[in-house]
Amino acid sequence: MCSHFYAFVLSLRFSPTMRPPPPLLPRIAASASATPPRRQRTVRPPMPPSPALLSSTPPPAAFVETPKPETTQQHPPTARRRLTLADEEWHPLPLSLAELSLPLTLPTGQTFLWRRTSLSPLRFTAAVGPHLVSLSHLPDDDRLAFLLHNDDPASSPSSSVAAARAALCDYLNAAVPLADLWVQFTAADARFAEVAARLGGGGARVLRQDPVECLFQFLCSSNNNIARIEKMVWTLAGYGERLGEVGGFVFHRFPTVERLARVSEQELREAGFGYRAKYVVGTAKELMAKPGGGAKWLALLRDRELLEVIEGLCTLPGVGPKVAACIALFSLDKNQAIPVDTHVWKVATQYMLPELAGKSLTPKLSIVVADAFVAKFGEYAGWAQNVLFIGQLPAKKLVATEVTSETAKPTKRKRATKMVEIQA
DNA sequence: CGGTAACCTGGGAT
DNA sequence: AATCCCAGGTTAC
C-alpha cells in the first residue's frame, strides 16, 4: 500500500502547475506519510478547542494582570523604582504552562529567531510579523503573557496590542489543545510517556510560523549545527525592517522574498553561509518567479495535501525531503509531516523499527519511518515526533542560557554560557 | 533506485 | 598542533 502513494508522489512531480522537474532522481516525499489524510484541514487545525482558547479576542478579565487599561501611558510616574510585570504592561494570552512551555518550544529547533532577553524571569523576544514581542509567564499564575515593544510608539498604538495578540495566538498555534494530545500520545507509546515525563509536564508545542520565514530558516539548517544556524538566520533577518532593540539585541522583521532575492550569493558566502548561500539566493529567485511573488504561492500550500506540499517545496534549490517536512509541519498546518533526520532515525530504529537498525537512511526508508509515526500517533504525529526529537537533544543543552557579559566575565573571546536544567 | 562522496564552516575531541 | 568528526542534509554521480 506504500507503493500506491509512492507512485502518486512521482506523478505529482510532473504536475503541470509545478516547475519543470529536474533531470531525475526521485527526491520523493521522504517524510510524507502513505496514510491517506482523512478530511484535509485547511487553515484551522482540527480538534475544536474550548471557546476560551479561541483567541484574538481579549481574555477574560480575571486573567488581566494590569488593572489599568491598555491605553494608558507606558510608564507610570512611579515606575522608576521597581519595574514589575505590571509596570511593563504585560498582556495575557490564553495559554497555560501545560499548553506552552517557552524553553521547550522556542529554542528547540523549530525556529532560530528567538533570543533569551531575561533569565529570571525567563523571557524570550522576537519579531512575530511586524510585532516585536517578549514572552514570559506571569508570576503567581500559569498564564502566558506578552510585552509589545516596537521602537516607535506611533507605529504601535494601543490597537496593535490586539493585533499582536491575534498574531501571537496564530503563531503559537493556540487553538490546538496540546494537553489533550499528550494524553493521547502517552497512552499510545511508552517511549513518548518516558520522554514526556522527563521533560516535565508538557508544553512542547509545534508553532505555526510564517512560511517564508520558516523556509529560509530551514534552508540554513542542512548539515549544520544550531549555533551557526542561529547566526545565519540572524543575518538573514537583518535584511528586514528594523523593529527595535531589546536586551542588547537589535530585532528586525523577517525580510520579504523580494528583498532576499536582491542579496548576492557572494555577500552571503562572506557572511559564512558556505554552500547554502546559493540555496538562499536561488530559492528567493525561484519564488519571485511564481505568480504572486512566492509568498502567496507558499501560503497556498496550506490548502494542499501533505504529499503535494512536500513535492512542491522540493522543487526549490536546497530543499530536500527533510527540510520540506520541517516547513510543512512548522508553518503549513501539516500536522502529520515527520521530518526524518538523524535524531528521529535513531529514535525510530531504536524504539519503533529495530529491524532497520544498521541500515542507512534513504528516502524510501524515511517514508517507512514517517508511516510508522503516523500509524502510532495519528493525525498529529508531527507533534509527537517533535517531542521525541527534543527528547534526543542533550539534556544540558535544552536550556542553555547565555549569561550577560556584565555577570559572566568571559575569559575567552567567546561568550560564556551557563547551563540551566529545566524544571526541578 | 540504492549507495557514496562532495559541499562550507567552526567547534570539540583525539 | 594537526586532523578528524560531527552538525536536525542536499546534490550529483
Side-chain angles (χ1 to χ4, degrees), chain A residues 2-3 6-7 9-10 13 21-31 107-112 204 206-207 214-235 265-283 286 310-311 313-330 337-349 356 358-370 373 382 385-394 396-398 400 410 412-417 419:
Chain A
C2 213
S3 53
Y6 182 65
V9 170
L10 287 178
R13 217 178 156 64
L24 226 304
L25 188 83
R27 241 178 347 186
I28 39 154
S31 351
T108 47
Q110 54 178 323
T111 172
F112 306 92
V206 168
L207 297 171
C214 192
L215 164 59
F216 283 96
Q217 287 190 76
F218 281 97
L219 223 37
C220 300
S221 74
S222 72
N223 195 24
N224 207 350
N225 59 71
I226 303 282
R228 196 153 78 104
I229 296 170
E230 285 179 346
K231 184 182 162 205
M232 291 161 62
V233 165
W234 196 251
T235 298
E265 177 182 336
Q266 186 189 345
E267 192 174 348
L268 292 179
R269 279 193 175 264
E270 287 167 1
F273 278 60
Y275 59 83
R276 302 165 199 85
K278 65 179 180 298
Y279 294 164
V280 171
V281 176
T283 286
E286 193 89 34
I310 303 266
E311 196 58 19
L313 291 173
C314 283
T315 64
L316 300 169
V319 178
K322 187 270 176 182
V323 166
C326 285
I327 300 163
L329 177 61
F330 299 137
I338 309 293
V340 182
D341 57 33
T342 55
H343 289 180
V344 172
W345 175 246
K346 196 180 296 181
V347 172
T349 54
L356 296 182
K359 294 194 170 189
S360 64
L361 178 55
T362 64
K364 271 196 166 180
L365 284 183
S366 48
I367 291 185
V368 173
V369 171
F373 268 85
Q385 171 275 340
N386 185 48
V387 173
L388 293 178
F389 169 79
I390 294 172
Q392 286 297 113
L393 296 175
K396 286 172 194 165
K397 250 187 158 177
L398 277 178
K412 307 259 165 70
R413 248 168 25 99
K414 73 173 189 177
R415 288 178 307 217
T417 60
M419 303 305 185

- Item | Output field: ring centroids A/Phe218/A/Tyr279 closer than 6.0 Å | no
- Item | Short side-chain N/O contact to B/dC8 OP1/OP2 from A/Arg269, under 4.0 Å | yes
- Message: Strictly by Watson-Crick or wobble contacts shorter than 3.5 Å, is anything paired with C/dC13, and which nucleotide is it?
- Response: B/dG3
- Message: Heavy-atom nearest nucleotide on DNA chain C for A/Tyr279 versus A/His343: which residue maps closer to 5'?
- Response: A/His343
- Message: Would you measure the distance from the P atom in B/dA6 across to the matching atom in C/dG8 and give it in whole Å?
- Response: 23 Å
- Query: Would you say A/Lys364 reaches B/dG2's phosphate, i.e. side-chain N/O to OP1/OP2 under 4.0 Å?
  - Reply: yes
- Message: From C-beta outward on A/Tyr275, which listed nucleotide comes closest to its side chain: B/dC7, B/dG3, C/dT11?
- Response: B/dC7
- Choose from B/dG2, B/dC8, B/dG10 the nucleotide whose nearest atom is closest to any side-chain atom of A/Thr362. B/dG2
- Among B/dC8, C/dG8, C/dG9, which nucleotide sits nearest the side chain of A/Ile226? C/dG8
- Query: For the side chain of A/Asp341, counting heavy atoms from C-beta on, which of C/dG9, C/dG8, B/dG3 is nearest?
  - Reply: C/dG8
- Message: Closest approach to the side chain of A/Phe389, judged atom by atom: which nucleotide of B/dG10, C/dG9, C/dG8 is it?
- Response: C/dG8
- Query: If we only count heavy atoms from C-beta on, is the A/Val206 to A/Leu329 side-chain gap below 4.5 Å?
  - Reply: yes
- With sugar-phosphate meaning primed atoms plus P, OP1 and OP2, does A/Gln385 contact a base, only sugar-phosphate, or nothing at under 4.0 Å between heavy atoms? base
- Task: Taking the side chain as every heavy atom from C-beta outward, state whether A/Asn224 and A/Met232 have any pair of such atoms under 4.5 Å apart.
- Result: yes
- Can any side-chain N or O of A/Thr283 pair as donor or acceptor with the backbone N or O of A/Pro317 at less than 3.5 Å? yes
- Task: May I ask which nucleotide in the shown strands pairs with C/dG8, Watson-Crick or G-U wobble, both distances under 3.5 Å?
- Result: none
